[in-house]
Amino acid sequence: MHVPDTPPVIEIRDLHKSYGALEVLKGIGMTAPRGHVTSLIGSSGSGKSTLLRCCNLLEDSQSGEILFEGEPIVWKGTGHARQPADRKQVLRIRTNLSMVFQQFNLWAHMTILQNVMEAPVTVLGRDRAEVETCAREYLDKVGIGDKADAWPAQLSGGQQQRAAIARALCMEPRALLFDEPTSALDPELEQEVVRVIKALAEEGRTMLLVTHDMRLAADVSDHVLFLHQGLIEEEGPPEAVFGNPRTDRLRQFLSATQAA
């Protein structure tokens, strides 16, 4: 759970993001405290994935602040010309925020073990033998230790996503960022990945989770944000957001997801 008196792993203040004339984020503020699971829910186009990508500096925002463990991102330029000023800062922060995407993004020409080992060895410069031990432990943890020498094409979608989670864990990040990690999977394969995410939540890992799976969000989250048209419409603990929604928009969204 949350460690008191430590800055949040991620803090966003009044963030604005546009694609040309289309404003996608209209002044978002949020925190991802250490040891907490924060879930982002909302309709397609509400800004959830864009917000996640801004946290990881995969997208540049036009105004507002992003802080990593209390350290503000240094910017240069303004508006659409704004970008991070310090590439070393970006790399350091990005290596501490491991992202798991909707599509698994495994390298087809590498075995599962090689996929998991690649970034810690090449980006962090860690000892290869030490990384291999770590990688095998994480593959065991996500339940595919027996697939270490297989190629991605030989694995099911659920197994590939679990390999992607092991790859993220092997970076030993401060936080895991999940962007719709189960939406490309069939329902039975989805459950394999959900079990892994729940186990990570129980360990007290810091996670930021964009998901369409309301049951997963309700089960694992400490805090839920409901985004609507680029703003946080409602937020709170899962029992309040799911059990006693205050706004019509959230009630409509939840009833639509239950009907789907």
Side-chain angles (χ1 to χ4, degrees), residues 3 9-10 32 34-38 52-53 55-58 68-69 87-182 184-185 189-211 216 220:
V3 182
V9 178
I10 300 165
R34 186 168 302 158
H36 272 203
V37 180
T38 305
L52 196 71
R53 293 171 72 85
C55 289
N56 205 24
L57 304 173
L58 290 173
F68 174 73
E69 296 187 328
R87 301 311 298 174
K88 286 183 177 171
Q89 182 189 41
V90 171
L91 182 63
R92 176 167 48 79
I93 289 171
R94 219 179 257 161
T95 54
N96 276 294
L97 299 173
S98 283
M99 191 112 164
V100 178
F101 297 92
Q102 181 176 339
Q103 303 298 339
F104 325 120
N105 295 358
L106 297 173
W107 287 295
H109 66 288
M110 293 183 179
T111 66
I112 295 303
L113 181 64
Q114 288 168 339
N115 265 279
V116 174
M117 290 177 60
E118 177 68 11
V121 171
T122 59
V123 177
L124 300 182
R126 284 167 50 195
D127 176 73
R128 181 171 287 277
E130 176 193 306
V131 170
E132 180 173 345
T133 301
C134 177
R136 289 185 184 279
E137 285 173 2
Y138 282 126
L139 287 169
D140 284 340
K141 185 187 197 70
V142 300
I144 53 168
D146 59 329
K147 303 293 184 186
D149 297 321
W151 304 97
Q154 296 173 307
L155 271 59
S156 71
Q159 289 169 332
Q160 288 190 58
Q161 189 61 294
R162 285 186 281 157
I165 294 171
R167 178 178 61 183
L169 289 166
C170 204
M171 291 292 284
E172 305 288 357
R174 304 291 173 87
L176 290 162
L177 277 52
F178 291 92
D179 190 5
E180 298 277 15
T182 59
L185 302 174
L189 300 180
E190 186 176 340
Q191 289 313 304
E192 300 173 2
V193 176
V194 165
R195 278 195 293 273
V196 171
I197 294 171
K198 285 182 177 176
L200 294 173
E202 285 165 10
E203 287 178 10
R205 289 185 181 268
T206 307
M207 298 197 284
L208 196 52
L209 176 67
V210 169
T211 184
L216 174 62
V220 304

(request) Determine, for E132 against R136, whether the closest basic-nitrogen to carboxylate-oxygen distance falls under 4.0 angstrom. (result) yes
(request) Please confirm whether the backbone N or O of V131 pairs with a side-chain atom of R126, one donor and one acceptor, at under 3.5 Å? (result) no
(message) Tell me the closest heavy-atom pair linking A135 and M117, and the distance in Å.
(response) CB-CG, 3.8 Å
(message) Show the nearest heavy-atom pair for residues L97 and P173, with the distance to one decimal.
(response) N-CB, 4.3 Å
(request) Quick one: closest heavy-atom pair of H109 and W151, and the distance? (result) O-CZ3, 3.2 Å
(request) Please confirm whether the backbone N or O of P181 pairs with a side-chain atom of Q161, one donor and one acceptor, at under 3.5 Å? (result) yes
(request) Could you walk me through whether R94 and L58 pass side chain to side chain contact (heavy atoms under 4.5 Å, CB included), step by step? (result) CA-CA 9 Å; R94 219 179 257 161; L58 290 173; 4.0 Å; yes
(message) Test your reading of the model: is there a side-chain donor-acceptor pair from R174 to the backbone of V9, 3.5 Å cut-off?
(response) no
(message) Is any side-chain heavy atom of L52 closer than 4.5 Å to one of F101?
(response) no
(message) Closer than 3.5 angstrom, by distance alone: can the side chain of D127 be matched with the main-chain N or O of A129 as a donor-acceptor pair?
(response) yes
(request) Find the distance between CE (M99) and CG (L176) and round it off to the nearest 0.5 Å. (result) 11.5 Å
(request) First locate atom CZ of R167, then atom CG of N105, and finally report the distance between them rounded to the nearest 0.5 Å. (result) 6.5 Å
(message) Using every non-hydrogen atom in the two residues, find where W107 and P152 come nearest and quote the distance to one decimal.
(response) O-CG, 3.5 Å
(request) Could you tell me whether the side chain of T211 and the main chain of E180 form a donor-acceptor pair under 3.5 Å? (result) no
(request) Evaluate side chain to side chain contact (heavy atoms under 4.5 Å, CB included) for K141 paired with L200, printing each intermediate quantity in order. (result) CA-CA 10 Å; K141 185 187 197 70; L200 294 173; 3.9 Å; yes
(request) Report the distance from atom CG of L155 to atom CD1 of I112, rounding to the nearest 0.5 Å. (result) 4.5 Å
(request) Kindly compute the distance separating CG (D146) from CD (Q159), expressed to the nearest 0.5 Å. (result) 7.5 Å
(request) Kindly compute the distance separating CE (M207) from CD1 (I197), expressed to the nearest 0.5 Å. (result) 7.0 Å
(message) I need the I10 CD1 to E69 CD distance, nearest 0.5 Å.
(response) 9.5 Å
(message) Which residue in the set L216, T38, D179 passes side-chain contact (heavy atoms from CB on, under 4.5 Å) when paired with L209?
(response) L216
(message) Between T95 and L91, is the side chain to side chain contact (heavy atoms under 4.5 Å, CB included) condition met? List the steps.
(response) CA-CA 6 Å; T95 54; L91 182 63; 4.2 Å; yes
(request) List the steps, then state whether side chain to side chain contact (heavy atoms under 4.5 Å, CB included) holds for I165 with L169. (result) CA-CA 6 Å; I165 294 171; L169 289 166; 4.0 Å; yes
(message) Using every non-hydrogen atom in the two residues, find where T111 and D149 come nearest and quote the distance to one decimal.
(response) CG2-O, 3.8 Å
(request) Mind listing the closest non-hydrogen atom pair of F68 and N96 along with its distance? (result) CZ-CB, 3.5 Å
